[in-house]
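First up is the structure itself, then whatever we jot down about it.
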2 protein chains.
Amino acid sequence: MVDVAQLAGVSPSTVSRTLRGLTNVTPDVRARVEQAARELNFAVSRQAASLVTGKTGAVAVLVPTLNSWFIGTVLDNLGPMLRAAGMELVVYVTPNMAERASFFERLPARRNADALLVFSFDLTDEEATRLDDLEMPVIYVSQHAKGRASVYVDDVDASRKGTQHLINLGHRRIAFFQTIGPSGFVFSTHERLTGYRQALAEADLAFDEELVVASSADDERGIVEAVGQLLTLREPPTAIFVDQDQVAVSVLWSLRRAGIEIPNHMSVLGFDDHETARWADLTTIAQQPADIGRAVGELYQTLVNDPEADREQHIVLPTRLIPRNTTAPPPRDAPAPGV
Amino acid sequence: MVDVAQLAGVSPSTVSRTLRGLTNVTPDVRARVEQAARELNFAVSRQAASLVTGKTGAVAVLVPTLNSWFIGTVLDNLGPMLRAAGMELVVYVTPNMAERASFFERLPARRNADALLVFSFDLTDEEATRLDDLEMPVIYVSQHAKGRASVYVDDVDASRKGTQHLINLGHRRIAFFQTIGPSGFVFSTHERLTGYRQALAEADLAFDEELVVASSADDERGIVEAVGQLLTLREPPTAIFVDQDQVAVSVLWSLRRAGIEIPNHMSVLGFDDHETARWADLTTIAQQPADIGRAVGELYQTLVNDPEADREQHIVLPTRLIPRNTTAPPPRDAPAPGV
DNA sequence: CTGAAAGCGCTAACAA
DNA sequence: TTGTTAGCGCTTTCAG
């Protein structure tokens, strides 16, 4: 920076002021400084700046994986917003429990970021409490943390709408297929199961544990087995609600291989409105990760710039049912309700 | 840090030494310092440290998107390696040309990272040259930059193997389906087309432009149209080589909707060995992004730690053909070769 | 509107 | 093995 100052014939302070876009600089001087900076290919060192300002200019993101449509889409939309605000995005990937434990033990973001976005979906209370020590705004994405800022879709309501759609079509035996993540069920899965149960209860349908199956998303055999399990029940379902589109598509394949026609013999409902849902012509409940990304970006701005802002606010985004061709009324010969 | 020093009854230098794991510290003192640091919930400020060491402790990553199986998997494997080396991962997402241009104009990583990993797949020469100014190791992932460190699979060879597989099955009219990214064809696409042409030439088959079609990966109608285009040729193909599994699966759907049986009436070959390929029982050419991630991590270490290391080395990873059930010999009534 | 000077929190000589 | 001292490159008072 001194080099730039020298070349422009001003003091370092002036260079600093100019480069940060402060107003009190003569246009003439500003031009000279900018010219000099360009000539010298100069960029301000964030490190040195943060040492004095106390801000790091970075926002940390905690994710279990980066190989995820949801997380990827959120970040694709969030990234440019943060960038526009002059912030870097530093990512902590914790693909296994060891990495995750190490993150919570060392809390590496501690003095090295101005805010933390948590995508881990299934934090324990203990972990969340640990993050409270961080002395920076923490935003929870896709899970509601009590008393902490969060952005998510209303999974309970969404799932209830989906189940109602099946009930309205005439289904009485509706299975629920849960996805297991690398570290167990994630937050949304619980919520979606709750919505399913609510809808059943509202329609006076009994909840049947046999109709709830689970498998890991990337475990092909597990999915096939879970589907097989449903098909061999004494009273098999006429519809399956799968809590993720990508798994739902696998379920479709399994069913078709078992010779089951969709939607005539079995309805399948997904969740997400992932691209493959369009391909598979899958009825699904749409959530918009792009919107979530933008909402997170805005909430971040609010929390950082407005000290008056509610630091525990929850932003809930809408979902909607997208009817396509994998759901239909149940087959005529299905057991009539109550028989 | 002075607080910790005080509490432990030592000098700041000793705290610094202890916390960085330097050897010349008495076990007794080390214990006291560590205890004090824990009590005070203290973490070293990277910013302050880097100011004096000249290293930032961060590696920058340039990606066009984070919603990508390939990039996501590479980073899931690379992340923990960098973390183990004490490095942060700062991500620059450039989902559109404006973001990308701004990255290359401002080069925000300039003084704020110790190395740069480029995932942009289709950099222009001008852009690559710009990165040479960066004064830090730059590693190109999945594209070979002349005279610059790169990690990739041999797409030409892989694609040739795939095409040969189809030729060996007896196919003579083999279509090639190219995927268009948000900013045009990516590097690998060119390479894969080259491999395809090589295999044709080696088998004395003429290259027919009509057999090469293209579509954007997320453009459902475009894919359907491209498939339609192939099917309505005077002499339609008996096999389609699609340069990405996810698109190949869409092609499968399109073909099946058009009433075409696979593999009896048409063979389809993919590329990647993405999860959906297993589901779709798709014959494909496997590449292992997890291995690429690890290779990048190792190359990074080498480049940073060993000044003798070849700074232009190319690491080429293997691919292999995975025969499944979407490829078979062409139907009998297909036009005989040369007729 | 611009310059001079102090100091952010740390590490790296150098001394002890 | 430990402590002392001098900056790293910037921003921020405070003068002018």
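Naming: A, B, ... by sequence-line order, numbering from 1 per chain. Everything numeric here is computed off the predicted structure, so don't read it as measured data.
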Could you work out which one of dG9(D), dT11(D), dG9(C) sits closest to the side chain of Ser45(B)?
dG9(C)
Choosing from dG3(D), dG9(C), dT11(C), which nucleotide comes nearest the side chain of Val44(B)?
dT11(C)
When all nucleic acid strands are considered with a 4.0 Å heavy-atom cut-off, which category describes Thr14(A): base, sugar-phosphate, or nothing?
sugar-phosphate
Between Val25(B) and Leu51(B), which residue's closest nucleotide on DNA chain D lies nearer the 5′ terminus?
Val25(B)
Side-chain contact check for Arg111(A): nearest option of dC10(C), dT11(D), dA5(C) is dC10(C)
Nearest whole Å is fine: how far is dG9(D) P from Leu40(A) CG?
14 Å
For Val2(B), which contact category applies under a 4.0 Å heavy-atom criterion: base, sugar-phosphate, or nothing?
nothing
Short side-chain N/O contact to dT2(D) OP1/OP2 from Thr26(B), under 4.0 Å
yes
Please report the distance, rounded to the nearest Å, between CZ in Arg32(B) and C1' in dT2(D).
11 Å
Take atom CG of Leu22(A) and atom C1' of dT12(D), then tell me their distance rounded to the nearest Å.
11 Å
Separation of atom NZ in Lys55(A) from atom C1' in dC8(C), rounded to whole Å
14 Å
Go nucleotide by nucleotide along DNA chain C from the 5' end; which of Gln47(B) and Arg17(B) gets its closest nucleotide reached first?
Gln47(B)
Within the structure, does a side-chain N or O atom of Arg20(A) lie under 4.0 Å from either OP1 or OP2 of dT11(D)?
yes
Under 4.0 Å between a side-chain nitrogen and a carboxylate oxygen: does that hold for Arg100(A) and Asp122(A)?
yes
When you check the gap from the basic side-chain N to the acidic O, do Arg30(A) and Glu34(A) get nearer than 4.0 Å?
yes
Looking only at dT2(D), dG3(D), dC10(D), the nucleotide nearest the Val10(B) side chain is dG3(D)
Protein-nucleotide distance (Leu19(B), atom CG; dG9(C), atom P), rounded to Å
16 Å
Is it the case that dA12(C) (base atoms only) and Ser16(B) (side chain only) share a donor and an acceptor within less than 3.5 Å, ignoring hydrogens and angles?
no
Counting the atoms with a prime plus P, OP1 and OP2 as sugar-phosphate, which does Arg46(B) contact under 4.0 Å by heavy atoms, base, sugar-phosphate, or nothing?
nothing
Looking at Glu88(A) and Arg46(A), is any side-chain nitrogen of the basic one under 4.0 Å from a carboxylate oxygen of the acidic one?
yes
Given dT12(D), dT2(C), dT2(D), the nucleotide with the shortest approach to the side chain of Val29(A)
dT2(C)
Nearest of dT11(C), dC10(D), dG3(D) to any side-chain atom of Met1(A)?
dC10(D)
Students often mix this up, so state it plainly: with edges at 30° and 60°, are the rings of His144(A) and His314(A) parallel, tilted or perpendicular?
parallel
Does a side-chain N or O of Thr53(B) approach OP1 or OP2 of dT11(C) to a distance below 4.0 Å, or not?
no
Quick one: does Glu127(A)'s side chain have a donor or acceptor within less than 3.5 Å of a partner on Thr124(A)'s backbone?
yes
